Protein chains: 4
Amino acid sequence: MARQVDENKINAIKKATVETVVIDGISGASISKIASKAGVSVGYLYRFYKGKRELLEALFEERFQMINNLLLDQVYTQNSVEDIVTFFVKTIYEIANTRPQSISFTHKLLSDFSFELPKEFKKDVTNICQRLIKLGHKTGEIDADITDEIIYVLLVGGVLNFVNIRQRRIFEDKEFTQEDVVKTTELLLKALSPNSKNSN
Amino acid sequence: MARQVDENKINAIKKATVETVVIDGISGASISKIASKAGVSVGYLYRFYKGKRELLEALFEERFQMINNLLLDQVYTQNSVEDIVTFFVKTIYEIANTRPQSISFTHKLLSDFSFELPKEFKKDVTNICQRLIKLGHKTGEIDADITDEIIYVLLVGGVLNFVNIRQRRIFEDKEFTQEDVVKTTELLLKALSPNSKNSN
Amino acid sequence: MARQVDENKINAIKKATVETVVIDGISGASISKIASKAGVSVGYLYRFYKGKRELLEALFEERFQMINNLLLDQVYTQNSVEDIVTFFVKTIYEIANTRPQSISFTHKLLSDFSFELPKEFKKDVTNICQRLIKLGHKTGEIDADITDEIIYVLLVGGVLNFVNIRQRRIFEDKEFTQEDVVKTTELLLKALSPNSKNSN
Amino acid sequence: MARQVDENKINAIKKATVETVVIDGISGASISKIASKAGVSVGYLYRFYKGKRELLEALFEERFQMINNLLLDQVYTQNSVEDIVTFFVKTIYEIANTRPQSISFTHKLLSDFSFELPKEFKKDVTNICQRLIKLGHKTGEIDADITDEIIYVLLVGGVLNFVNIRQRRIFEDKEFTQEDVVKTTELLLKALSPNSKNSN
DNA sequence: GATGAATGAGGCTTCATTCAT
DNA sequence: AATGAATGAAGCCTCATTCAT
């Protein structure tokens, strides 16, 4: 029972942090603003995070863990790149709809070089990319030229990027639809697909 | 001659700002650090920018102006999407090589919603995308389904994104080569290209 | 029996307070540090002391009570200043050996004017000094010129001072020996002794 | 001219620091209280001292430097211990009269072990004590048994101690007079003087 | 025009104190 | 009774901004 309260508060802190960072930027997100938005005292927040940086890093790590785990799960169980990409895009867009700022937050920290990438991150990412490539070569869905870097840029970077731009409201301000999932997947698969010119 | 001196100093301020923001983050980039890195006094900097936020916004605007002008120039003069994309990718990668932090800076502010997009921005972007689509439809390089948003996400977002991930040193830490230009262009064109399945 | 437990805990609190204040300074001695060092909860500590200041004041008072009682006992029972001084010096040095921080603590608070001297303090001190002088005049151990203030400065101040400097490790870092007792007593008696020049 | 202003302000900071520490204790002396008492802004203070600790340490060092220099000067030029002690006591009491808190401040930091003694301190102190002893042996003013430690405890410790107790207003609250100088010197010389019993 | 010293608002963090359990 | 989680006031410090020189 007491545990429940804690979890709720910690979640409130996380939610408030993400929200504040997304709205006000990293530098505009003060601890006291976050705490008051989360409905907890400043001191309470410090019981769980040693400081502002640690709070952001923990959330950053959590997000990337989540994304990586999502893909790791898939690359070990699915039999086609299309299924994996579809599932990934669908999941991310669903998150973007239900917790729009979550994706934004991740994208923002990814572009802030003063925040280090989580430690396990590189290993997991390499693992994911290599398995995807291997699978794609087998199924003929991925061109021989595609590198780990390209896979990552397209899949993770590309999707986060799309969400970021949608949320920037440059073109229109609407939720992600099933159609968006289909289209995005299609684009990604096309980009990855074997080059018909290279028919050697 | 006096003008010349000023231009040099203003450029030094801009360069120092970009560099400092990229290395230390927005909150870590203090005006005095920027000024001293630029070799000007704090007071001098304030003669040209009303404050820190205005300085960043001016640079942000400038970057997007530059990117948009780059593309506007092209869409009005080139006759194939491929040429435009090639030129754009090449130019951005060259900047990424010579002034790596410049791209980083733009990408960072693009993901920071507390910085508004420049006013003219939306109009220019729409203009660019629509002309590209129109051209692509004529030349058969762009699928009928492709929207403005997709064009922008792929072209501008995608390229900035690639630079960002390369600079994050997730995979390898190398300069952008001509090969990178070719490959990136290829991927983008593939993604945009008419869908062979949709042959209805 | 229940009482016994309490006494132990209160003593633990006192010990921990003295230790922490001496090591970390007053501002560095947090209640939670003290409580955890004492093995009691913060809340428990607050059952006995209304706050940090009261805790320190109570200990300060206790120390001076102890010192004064020590001397009061003696001045009413001993027949020579030498015996009294010897006993006092011996006792203080023993405490300095067994609980070094106890003396340090007293000395520190004595020099901190934001802590008031205990109420009964002045009366007791005057009493002690006057009886010592009276006795000293009778036995010829104390010069006619010696005032209450001088007695106190030499005896209490002087001894605490010596302990403080020894513990500061300016010269050497050793325990107080019987020799130290003898020497100190000798110095004090010499200083107090009738001035041979003033043989008028 | 500009320099003059600075010196005044720095002196105001020093004065305010000493005053605040003496009245409110080290822990009660907040930077903002010190700055406002000194009539400078908080930021100004930080231009000269990296933090609260550094401010206190600098003053601590300065005081001991002063005291040591006072004595070093004397031990190299005077020909009797009496002259040196008289001069020292006179000087310290004069300071105690004109800037009472200066001495108090020094005494307080001396009893706070969380503040290190200045680096040169030990060397200077040893130097002073040894020269005093050497001189005293030659002139017959100092007993063979007197150690460095005792010299220091009596001379520096003793005098600071006296000032501290006088200022604590335990007995009376009056300025230091020429008579106090004479008496104190007399006591110190008596304590140091060769022991008539030890006529072996 | 240029400078950078000076200001003080506001951010981060600690910790004395309270109070529900 | 005993605990220690929770609070938020207050301290330290930084730095955007101003302004006298």
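Below, read A as the first sequence line, B as the second, and so on, with proteins coming before strands; counting in each chain starts at 1. Computed from a predicted model, the values in this text were never measured in an experiment.
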Task: Euclidean distance, atom CZ of residue A:Phe48 to atom P of E:dC12 [Å, nearest integer] - done: 19 Å
Task: Over 12 non-hydrogen atoms of neighbours within 6.0 angstrom of CD in C:Glu116 - done: no
Task: Nearest-angstrom distance from the residue atom CZ of B:Arg53 to P of F:dC15 - done: 17 Å
- [ ] Could you check which of E:dT3, E:dT7, E:dT13 has an atom nearest any side-chain atom of D:Lys9?
- [x] E:dT7
- [ ] Both distances under 3.5 Å, Watson-Crick or G-U wobble: on that basis, could you give the dot-bracket string for DNA chain E, with [ ] for crossing pairs and | for other-strand partners?
- [x] .||||||||||||||||||||
Task: Comparing A:Leu45 and B:Ile26 on DNA chain F - which has the more 5′ nearest nucleotide - done: A:Leu45
TODO: Please tell me which of the listed nucleotides, F:dT17, F:dC13, E:dT13, lies nearest to the side chain of A:Val42?
DONE: E:dT13
TODO: Measure from the side chain of A:Arg47, starting at C-beta and using heavy atoms only, and say which of F:dA5, E:dG4, E:dT14 lies closest.
DONE: F:dA5
TODO: Would you kindly give the NZ-to-P distance between C:Lys50 and E:dT18, to the nearest whole Å?
DONE: 11 Å
Task: Nearest-angstrom distance from the residue atom OH of C:Tyr49 to P of E:dA16 - done: 16 Å
Open item on the list: What is the separation between atom OH on A:Tyr44 and atom C1' on E:dC19, rounded to the nearest whole Å?
Closed with: 16 Å
Open item on the list: Heavy atoms only, 4.0 Å cut-off, all strands: where does C:Gly51 land among base, sugar-phosphate and nothing?
Closed with: sugar-phosphate
- [ ] Using a cut-off of strictly less than 4.0 Å, decide whether C:Ser30 has a side-chain nitrogen or oxygen near OP1 or OP2 of E:dC15.
- [x] no
Open item on the list: Taking the minimum atom-to-atom distance to the side chain of B:Ser41, which one of E:dG4, F:dT18, F:dA2 wins?
Closed with: E:dG4
Task: Atom-pair distance (CD1 on B:Ile13; P on E:dA2), nearest Å - done: 11 Å
Open item on the list: Is the shortest side-chain heavy-atom distance between B:Tyr44 and B:Ile13 below 4.5 Å?
Closed with: yes
- [ ] Scan for side-chain hydrogen bond (donor to acceptor under 3.5 Å, both in side chains) pairs involving residues 19-29 of chain A, sequence neighbours excluded, and state none if there are none.
- [x] A:Thr20-A:Lys37, A:Asp24-A:Lys33
- [ ] Report the residue (B:Ser27 or C:Val40) whose heavy-atom-nearest nucleotide on DNA chain F is the more 5′ of the two.
- [x] C:Val40
Task: Minimum side-chain heavy-atom gap C:Thr106-C:Val18 below 4.5 Å - done: no
Open item on the list: Does F:dC13 have its OP1 or OP2 closer than 4.0 Å to a side-chain nitrogen or oxygen of D:Tyr46?
Closed with: yes
Task: Atom-pair distance (NZ on A:Lys33; P on F:dG8), nearest Å - done: 19 Å
Open item on the list: Rounded to whole Å, how long is the line connecting atom NZ of B:Lys52 with atom C1' of F:dT14?
Closed with: 11 Å
Open item on the list: Check for me whether D:Arg169 meets the cation-pi criterion with C:Phe113, that is, NZ or CZ under 6.0 Å from the six-membered ring centre and within 45 degrees of the ring axis.
Closed with: no
Open item on the list: Using a 6.0 Å distance limit plus a 45 degree cone around the ring axis, check whether C:Arg99 lies over the aromatic ring of C:Phe105.
Closed with: no
- [ ] Give a yes or no on whether the backbone of C:Asp112 and the side-chain of D:Arg168 come within a donor-acceptor separation of less than 3.5 Å.
- [x] yes
Task: 5' precedence on DNA chain E between C:Ser32 and D:Gly43 (nearest-nucleotide basis) - done: D:Gly43
Task: Flag side-chain contact, heavy atom, 4.5 Å: B:Tyr49 against B:Leu56 - done: no
TODO: Between E:dA6, F:dC13, F:dA16, spot the one nearest the side chain of B:Ile31, thanks.
DONE: F:dA16
